[in-house]
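Okay, structure first, notes after.
Small disclaimer: the values here were computed from a predicted structure and weren't measured. Note on naming: letters A, B, ... go to the chains in the order of the sequence lines (proteins, then strands), and numbering restarts at 1 for each one.
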Amino acid sequence: MSIANTQTETIIDAGIIEENDQVLARVEHLKALENLVGNSYPNKYERSRITGEEDTISNLLEYKPVAEIAEEFERHKSGLNEGEKPDQELKARLNEKLKALGNVRISGRLAVPPRVMGKAAFVHLSDGASRLQIYVRKQDAKAISNDTGNIIETEDAAWELFKLLDHGDFLGAEGFLFLTNTGELSVHVETLQFLSKSLLPMPDKMHGIADPELQRRYRYADLIADSLKIKTQEEIEEEKRTGVKKLTTREVFERRARLISGMRRYLDDHGFIEVETPMLTPKATGAAAKPFATHHNALDIPLYARIAPELYLKRLTVGGFEKVYELNRNFRNEGLSQKHNPEFTMLEFYCAYMDVNGMMDFAEAMIQEAVKKATGGSLQVKYDGKEIDFSRFERLSMKDAIVKYAPKSLLKFMSGSAGLDKSFFDDVVKMGALRDLSSQEASLDRVVMAKNGKETIFVYGEDNIQEKLSEGYEVNELASQELFNFDEKLEKYSSLEGKKEFLDKFTLEIFENIIEEKLIQPTFIIDYPKSISPLSKASPENPQIAERFELFINGMECANGFSELNDPQEQYERFVDQMKERETGDEEAMVLDEDYIRALAYGMPPAAGIGIGIDRLVMLLTNKHSIRDVILFPHMRPERKDEEAEKTNSEK
RNA sequence: GGUCCGAUAGCUCAGUCGGUAGAGCAAAUGGCUUUUAACCAUUGGGUCCCUGGUUCGAGUCCAGGUCGGAUCACCA
């Protein structure tokens with residue numbers, strides 16, 4: 001029972017779809033269509049197979065004999081002058097060739113409102129990715145009955161059917177391929193079959209859905225609108241000017257799919273086995289994050305949505321899976337942002353007998369292959385006006401990164417008259433002061449400058465400082481130090497003199513505050529403090545350093561890997577340390593997993609592992625600034641009915 | 001959570017100083033047998049996000065709220 005002839009409450013009555021002139025017109029059309037063709041929601045439509053596989057519109061357009069004819073006519077047309085008619089003989093010849101390919105049966109959604117011209121009409125059908133035009137003439141088109149499957153003998157039935165079609169409806173059409181006067185490949189329709197109704201009107205055919213809220217909330221509508229959207233002249237020129245093609249919503253997710261399949265292919269080809277470990281876990285561990293909690297009724301136990309599959313995958317290395325991976329969702333009950341969604345996709349893999357350096361090599365090669373698959377061969381992508389180059393991943397220790405990227409004025413202060421010998425990394429008082437400074441970004445790059453001792457000015461930002469230096473200004477060290485309140489900060493931290501245990505924390509904070517955002521090109525940051533890496537092995541050269549790296553691209557942490565700690569006793573002690581931190585209020589310190597320790601006690605081979613944030617990589621490859629644009633159905637606050645909002649209002 | 005910005009026709013958006021609610025697309029009706037952002041003519045379409053307040057009068061001003069965006073903080 002369709003909405004056109006139901007006896008019960010309709011989806012309009014129920015308020016599920018809005019009632020307006022356009023919806024009502026579509027319901028009327030549906031009613032008339034049912035009188036004409038019977039069942040308005042038929043079960044199938046068999047497409048032809050002249051391409052050798054199912055003739056989707058995309059397949060047909062790519063089918064060599066078809067594409068070559070279209071190209072030939074295109075070449076002819078491009079040689080014509082403005083207003084000059086194409087060679088009719090050539091057209092006739094090409095059209096004969098097209099006709100000889102045989103009839104096609106295609107199907108799709110009406111991509112545009114039908115263009116009816118008296119007794120003939122054009123409309124484009126879309127298969128979601130590509131579109132193909134059909135041409136319907138009143139005099140020679142026939143309609144198929146959905147009840148009998150046969151041609152309806154009533155005069156002009158197909159024309160009646162066509163006139164009842166709305167932008168967005170699904171239609172099947174059989175006919176022969178031909179080129180129109182303007183050279184567009186089209187199907188000259190012999191039979192039409194109505195396949196499904198769009199009761200809701202399509203969004204603006206030029207603009208699609210512009211509101212990001214509607215795009216994400218009604219992704220299905222965004223996908224339709226964005227694929228059917230006709231590019232405006234301005235958009236075409238913009239793309240020409242910048243050389244960056246704006247991806248449609250569909251293309252974003254196609255690219256995502258290619259990245260993921262590229263990674264799977266690479267891992268499979270290198271002997272890795274894909275596994276699935278629990279998503280609902282008795283302990284939320286393997287990472288430092290707050291979990292979603294739920295309850296299993298039959299077992300009467302609490303369960304947590306996993307925050308990372310890490311400890312399960314490493315149990316499998318104990319069990320003999322030397323190379324193992326999982327590519328799936330993790331869940332973290334934390335804030336939402338452009339870089340954070342409560343559920344996100346992570347690729348984790350582990351490789352026995354490999355250390356952190358081998359893992360960096362391997363991960364770099366794997367990401368490069370997958371990026372090429374995603375982009376269609378390129379290792380360079382345009383992001384936000386910058387070019388990100390995946391062809392080389394730099395490797396820098398955290399301290400070297402600070403030296404390389406921290407504002408020069410600060411480093412000068414830190415290193416003192418002795419010059420840049422990095423001894424300040426061991427000076428807990430200076431590091432404390434620098435940590436303070438780094439958290440007040442406004443004061444960071446600011447110095448006092450003067451020209452010949454006069455014209456004292458404040459300058460903000462490294463670039464501006466450089467500019468002023470070239471104009472003959474000099475940095476006034478004393479005044480700048482006063483501006484930073486260096487002395488005050490040094491004083492504040494003087495009580496920490498000699499307390500080395502704070503050094504790691506300060507180094508990390510300085511790095512996070514001011515360095516991360518400057519790591520635009522792919523960069524592995526190595527030499528993480530051991531104290532914040534409870535699952536990774538210490539470096540053989542320096543027991544305070546973990547054999548760990550994080551990969552940063554465009555200031556975003558995209559991957560995290562290390563030589564896996566496989567000594568059960570040491571792992572136990574690290575967990576105990578984490579539990580202590582938990583007791584002192586660090587909610588995100590890692591939870592002890594006894595069974596994991598037990599697994600390690602059977603012996604785990606030396607191994608390296610990595611976790612790669614897929615969504616963030618996809619953002620980089622699709623020039624998207626929000627993780628919500630690379631997740632099909634991102635989490636959003638539910639819409640509230642007016643009454644509920646009112647209730648909340650009166651409660652407050 | 002803080003700050004800033006936004007919400008007007010199905011969609012994309014205007015709306016001046018507080019004074020009758022606007023355009024384009026889409027829709028309806030008519031015309032048009034190779035159009036393509038089809039074209040021409042005519043017509044209909046509004047809870048101006050919600051609740052209050054100020055005012056003779058509120059889309060516009062004020063307060064509170066809802067949802068979203070940006071940003072900061074937190075976390076990954």
Which protein N or O atoms sit under 3.5 Å from an N or O of nucleotides 38-40 of chain B?
from	atom 1	to	atom 2	distance (Å)
A38(B)	OP1	K205(A)	NZ	2.4
A38(B)	OP2	R115(A)	NH1	3.3
A38(B)	N6	V116(A)	O	3.1

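Residue E18(A) is classed as a sugar-phosphate contact, given heavy-atom separations below 4.0 Å to backbone atoms only. Contact annotation for A121(A): no contact, since no heavy-atom pair falls under 4.0 Å across all strands. Among the heavy atoms of the strands lying under 4.0 Å from H29(A) are primed sugar atoms or P, OP1, OP2 only; no base atom is included.
Of the candidate nucleotides U35(B), U33(B), A76(B), A76(B) has the atom nearest to the side chain of F344(A). Side-chain proximity of D166(A) to the nucleotides C75(B), G68(B), A28(B) is greatest for A28(B). Distances were taken from every side-chain heavy atom of R616(A) (C-beta onward) to each of A76(B), C11(B), G69(B); the shortest belongs to A76(B). Closest approach to the F122(A) side chain among U12(B), U35(B), C67(B) is made by U35(B) (side chain taken as heavy atoms from C-beta onward).
In this entry A73(B) has no Watson-Crick or G-U wobble partner, no candidate having both defining distances under 3.5 Å.
Here C49(B) presents its C1' atom at 16 Å from CZ of R637(A), a figure rounded to the nearest Å.
Between the side chain of Q22(A) and the base of A26(B), a donor-acceptor pair under 3.5 Å is found. Q139(A) contributes a side-chain N or O that forms a donor-acceptor pair with the base of U33(B) under 3.5 Å.
Residue pairs meeting the salt bridge (Lys or Arg N to Asp or Glu O under 4.0 Å) criterion with at least one partner in residues 110-130 of chain A, sequence neighbours excluded, do not occur; the list is empty.
Every residue two or more places apart in sequence or in another chain that forms a side chain to side chain donor-acceptor pair (under 3.5 Å) with K505(A) is listed here: E509(A).
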